[in-house]
Amino acid sequence: MRGITRRTDGGRRAPHEGTRGEMTWEEWAAEAGGREEYGAPPVAPTAPGPGLNPAQRAAVEHGDGALLILAGPGSGKTRVIVRRIVWLHERLGVRPEQILAVTFTNKAAGEMRERVWQMIDGEAGEISIGTFHAFCARILRHYGMAVGVPSNYVICDPDDQQTVVRDVLRMSGVPAAEWKPGEILGAISRAKNELIGAREMALRAKSRSETIAAEVRERYDEALRAAHALDFDDLLARGLDLIKLRGEAYARTAERYRHVLIDEFQDTNLAQYELAKALTSTHGNITAVGDPDQSIYSWRAADLRNIVNFERDFPNSRVVLLDQNYRSTRRILEAARAVIGLTSGRQERKLWTENPAGDPVLVIDVAGAAEEAEFIATEIARAIRDEGRDFGDFAVIYRTNSQSREIELALVREGIPYQMTSGTRFYDRREVRDLLAWLRLVQNDADALAFRRALLAPRRGVGQRSIEQLRSVAEDEGALLTEVARAAVAGGEPQLRPTVCTALATFLDLIEELRSAAAELRASELIGRAFTTSGQEERLAQEADGAGKLENIGELFRAAAQYDDLPPAESLAIFLEEVALTGGDEDEAHDAVSLTTLHGAKGLEYPVVFMPGMEEGLLPHARTMQDAAQLEEERRVCYVGVTRAQERLYLLRARTRFNPWENAAELSAPSRFLEALPSDGIVQLSDAGQNEPATRDLAAPEQPRRFEPGDGVWHALHGDGTVVACSDTYATVSFASRGGEEFLIGNDNLLPGGDGWLEAA
DNA sequence: CGGCCAGAGATTTTT
DNA sequence: TCTCTGGCCG
Ligand SMILES: Nc1ncnc2c1ncn2[C@@H]1O[C@H](COP(=O)(O)OP(=O)(O)OP(=O)(O)O)[C@@H](O)[C@H]1O
């Protein structure tokens with residue numbers, strides 16, 4: 001679980017004794033530095049050494065003052081940041097705790113930390129590396145009171161946001177069907193990131209939908225404030241307020257950091273840029289690194305004007321351009337250039353490489369999504385056999401999360417291990433969220449959303465209706481939901497039936513019991529206690545498919561255990577914060593194929609990349625085709641994907657694709673980005689005529705092969721194994737060659753009669 | 001008034 | 001394919 005799993009060795013401070021109030025920012029940040037250690041990056045970083053070209057060196061060794069590095073993919077931007085951090089420390093004598101490096105994702109932060117730690121001994125853990133959101137969350141936890149953010153605030157998750165908007169819409173009588181909560185939330189989020197307040201948003205509203213969004217926002221903000229909750233965007237806006245106050249938070253951060261470095265600058269929004277300026281206003285020691293061609297988050301209010309404004313806001317800034325690509329073969333780079341080349345108004349930036357031409361870029365034309373997935377899976381299996389590659393060398397990068405399903409199925413069938421680094425996050429699962437709701441309520445008894453969820457999980461005889469009554473009274477009296485609930489139990493308003501009262505009283509007692517326990521228990525112990533006390537353990541035990549869910553709770557428990565050596569008073573808050581910020585992505589320590597969206601792949605690199613779904617409607621996505629600016633962004637999205645590949649790139653295009661709306665397969669046209677490719681250095685392959693989906697689907701199923709637990713089997717990639725469990729189509733097999741690790745594999749790909757190594761052992 | 005079951009809707013990208 | 005919502009039954 002990336003972002004949660006951490007080693008406890010290496011640069012980590014002894015846990016701080018005492019309460020949060022006594023902890024200084026320095027101690028806190030140091031703790032945070034040690035707290036955020038991640039697994040190894042997918043590609044091992046290049047060993048420390050000279051390894052810098054003259055332009056890179058100039059950037060690394062730029063002294064004080066503002067520095068803007070504009071450079072294409074694979075030109076070593078991230079490498080320059082890392083090396084610059086090291087250089088500032090070793091040559092300019094900047095102390096680690098005086099350096100703040102900001103990344104776009106928590107994952108990128110982890111990788112950067114990993115790289116820096118390899119180059120600086122000892123004190124490297126004191127360098128602050130994280131996202132803007134994480135940075136703001138942290139300073140707000142400590143000093144937020146100054147801007148009206150209570151220290152026990154919680155970060156509300158996207159689902160809660162939806163719920164609030166739905167509630168607001170319902171209560172204001174707006175038919176929810178007409179205005180999609182998601183779109184309203186998007187508008188609210190964009191406004192917040194552009195630092196547009198609620199009032200200004202209302203004033204600016206031109207269309208009816210904008211007016212609705214502004215109206216919803218007012219009540220949405222109110223609901224969050226009452227719940228002592230912040231959404232992701234509030235973190236930035238309130239964090240900025242806090243720094244601008246020039247109070248204690250400023251003294252402990254802006255005055256402490258002598259150098260601020262920002263990666264992926266092209267995807268920062270106004271709030272983030274203002275934050276960066278506020279943090280560096282006295283010394284101007286800011287390093288911003290980005291690539292305009294890779295700006296793919298405008299829908300989240302990222303604003304390329306930040307790059308233009310940078311030179312205006314820091315008049316003495318130096319601009320360094322890097323144009324040598326170290327990542328990809330020449331043919332891949334040529335394909336990339338063809339994809340991006342046609343962008344209107346783009347400054348021509350030539351990117352070149354000394355790398356060999358390499359394999360041709362492969363454009364694969366397949367019948368449908370099933371064939372596409374099948375091709376990917378078998379090709380990976382082939383390359384592992386014939387070329388001696390590892391699973392970790394491969395990435396499948398797609399436009400939408402829903403594309404992963406078919407590919408997962410094919411990979412499982414072939415027995416290929418994979419990891420997903422985007423899509424549904426671990427903590428989005430029902431059972432995990434239910435348990436987290438209890439913890440959130442323990443942490444913050446104003447959290448009305450957690451209150452509702454916790455009270456309903458498990459069902460205890462208090463339903464939606466009673467909650468609605470409580471909520472209504474709470475709103476009228478401006479009181480907390482928990483207070484009103486307590487009053488109701490004591491016989492006050494609202495009048496509830498005796499059975500409901502009893503159930504509610506029990507619930508309140510349980511929460512109270514947990515809250516007092518929280519003062520003494522370690523984070524993981526508290527989770528265990530909450531799981532039992534809440535009755536969720538019992539509920540899961542009764543559920544038919546409770547085993548998998550129980551496993552997820554176990555995962556949560558192990559994640560929390562990483563916080564056990566923090567003082568109980570703080571560990572819960574820090575754990576919940578981490579959960580909200582990272583979503584608990586899977587650990588990527590083991591050797592596995594990566595499945596990710598194009599957005600999620602930004603900044604990463606893989607020897608072999610598959611890009612399925614190169615079709616009009618998927619890439620570019622149908623919802624972007626109305627708007628020229630959005631189409632340009634799709635082109636950049638494609639460019640980002642192509643430039644992830646180091647050695648080989650497969651672009652896959654299906655002639656038909658299933659349309660869930662029509663519940664039918666439809667013909668699809670090849671992506672316009674494919675049309676842009678040069679004919680040179682490209683090989684086109686097609687399965688046309690061999691493998692049409694109809695024939696395939698209607699073909700008589702082969703003799704089904706079934707195994708029993710304990711059977712010895714053989715698999716082409718993993719060798720001898722022993723069946724642990726088996727269904728009609730899949731078997732769980734433990735393989736000796738992989739240290740007993742278990743794989744889910746399609747029965748068709750297993751041969752009976754291998755040596756059952758478990759019995760032999 | 002709460003719980004359970006059945007049917008509909010969902011998918012663009014994320015901190 | 002899975003998750004929420006609304007209607008019906010206890
Ligand atoms: N001077 C160099 N010599 C050798 N290899 C280099 C050099 N500079 C960078 N590289 C390698 O090139 C690859 C890309 O570097 P890096 O990830 O820093 O690029 P980037 O500009 O951040 O790319 P992106 O924009 O895609 O995030 C890495 O594998 C890195 O080790």
Side-chain angles (χ1 to χ4, degrees), chain A residues 3 102-109 130-137 155-159 161-163 166 170 176-177 180-183 185-186 189-190 192-193 230-236 239 264 267-269 271-272 295-302 397-406 408-409 421-425 428-430 433 455-456 458-469 496-500 503 545 577-578 580-583 585 596-602 613 617-625 630 633-634 636-638 640-641 658-661 663:
Chain A
V102 184
T103 58
F104 189 69
T105 62
N106 294 297
K107 181 155 74 174
T131 63
F132 277 112
H133 291 89
F135 172 78
C136 289
I155 302 169
C156 77
D157 64 58
D159 218 77
Q161 293 178 279
Q162 286 261 351
T163 310
R166 254 192 270 274
R170 197 173 30 219
K180 290 205 189 103
E183 278 168 26
L185 271 172
S189 166
R190 248 169 282 130
K192 287 185 175 181
N193 282 315
L230 300 182
D231 63 24
F232 274 102
D233 312 309
D234 290 333
L235 290 176
L236 299 178
E264 307 282 9
D267 280 323
T268 53
N269 56 43
Q272 292 167 326
S295 96
I296 53 175
Y297 281 91
S298 72
W299 50 274
R300 219 179 71 188
I397 311 180
Y398 36 79
R399 179 63 175 82
T400 67
N401 283 306
S402 57
Q403 288 174 261
S404 70
R405 171 149 288 137
E406 198 84 40
E408 284 181 79
L409 287 174
T421 50
S422 61
T424 310
R425 308 190 312 171
D428 289 343
R429 292 161 206 263
R430 252 270 303 288
R433 282 172 45 88
L455 192 47
L456 292 170
R459 299 274 137 111
R460 49 177 9 96
V462 186
Q464 295 280 4
R465 196 141 188 143
S466 302
I467 293 176
E468 180 50 34
Q469 284 179 301
L496 301 170
R497 290 194 327 191
T499 52
V500 175
D545 54 349
E577 180 178 301
E578 200 70 19
L581 289 174
T582 66
D585 300 343
T596 180
T597 61
L598 287 155
H599 287 83
K602 194 170 65 140
L618 260 178
L619 185 64
H621 195 275
R623 295 192 52 159
T624 65
M625 301 214 272
Q630 284 190 59
E633 184 149 308
E634 293 292 289
R636 295 193 294 269
V637 167
C638 182
V640 166
F658 189 75
N659 181 341
W661 308 101
N663 198 27

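Residue numbers start from 1 in every chain, and the chains themselves are labelled A, B, ... in the order their sequence lines are given, proteins ahead of strands. In this text the structure is predicted, and so the values were computed from the model without any measurement.
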- To the nearest angstrom, the CD-C1' distance between A:E183 and B:dT13 comes to 15 Å

- Base, sugar-phosphate, or nothing: which does A:F104 touch, judged by heavy atoms less than 4.0 Å apart? sugar-phosphate

- Message: Suppose we call a contact any N or O donor and acceptor under 3.5 Å apart; does that hold for the side chain of A:H133 and the base of B:dT15?
- Response: yes

- Using a cut-off of less than 4.0 Å, is there contact between a side-chain N or O of A:N401 and OP1 or OP2 of B:dT12? no

- Message: Heavy atoms from C-beta onward define the side chain here; which of B:dT15, B:dT12, C:dC4 lies closest to that of A:D159?
- Response: C:dC4

- Note on the structure: Looking only at B:dT12, B:dT15, B:dT11, the nucleotide nearest the A:S402 side chain is B:dT11

- Stacking of A:W299 on B:dT12 base (centres under 5.5 Å, planes under 30°): no

- Query: Quick one: A:N106 CG to B:dT14 C1', roughly how many Å, whole number?
  - Reply: 11 Å

- Quick one: is B:dT12 close enough that its OP1 or OP2 comes under 4.0 Å of any side-chain N or O from A:R399? no

- Message: Rounded to whole Å, how long is the line connecting atom CZ of A:R430 with atom P of C:dC4?
- Response: 7 Å

- Message: Can you see if the side chain of A:N269 gets near the phosphate of B:dT15 - specifically, an N or O under 4.0 Å from OP1 or OP2?
- Response: no

- Salt bridge A:R433-A:D157, side-chain N to carboxylate O under 4.0 Å: yes

- Message: Expressed as a whole number of angstroms, how long is the span from A:I467:CD1 to B:dG2:P?
- Response: 9 Å

- Task: Could you say whether A:L456 or A:H621 is positioned toward the 5' end of DNA chain B, judged by the nucleotide with the nearest heavy atom to each?
- Result: A:L456

- Look at A:R166 and C:dT5 and indicate whether a side-chain polar atom (N or O) is within less than 4.0 Å of OP1 or OP2. yes

- Message: In whole Å, I'd like the distance from the NZ atom of A:K602 to the C1' atom of B:dT13.
- Response: 11 Å

- Give the C-alpha distance, both sets of side-chain angles, the deciding distance and a yes or no for side chain to side chain contact (heavy atoms under 4.5 Å, CB included) between A:L235 and A:L581. CA-CA 11 Å; A:L235 290 176; A:L581 289 174; 4.0 Å; yes

- Message: Without decimals, in angstroms, what is the distance between A:Y398 OH and B:dT13 P?
- Response: 10 Å

- Item | Counterpart residues, side chain to side chain contact (heavy atoms under 4.5 Å, CB included), relative to A:E264 (two or more places apart) | A:F104, A:Q266, A:K602

- Task: Would you check if A:S189 and A:L185 make a side-chain contact, meaning some heavy-atom pair closer than 4.5 Å?
- Result: no

- Query: Would one find a side-chain N or O of A:T597 under 4.0 angstrom from OP1 or OP2 of B:dT14?
  - Reply: yes

- Query: How many Å lie between CD on A:Q162 and P on B:dG9, as a whole number?
  - Reply: 16 Å

- Query: A:T400 near the nucleic acid: base, sugar-phosphate alone, or nothing, with a heavy-atom cut-off under 4.0 Å?
  - Reply: sugar-phosphate

- Query: Can a salt bridge be assigned to the pair A:R405 and A:E408 using a cut-off of 4.0 Å between side-chain N and carboxylate O?
  - Reply: no

- Item | Distance in angstrom units between A:Q161 CD and B:dT15 P, rounded | 13 Å

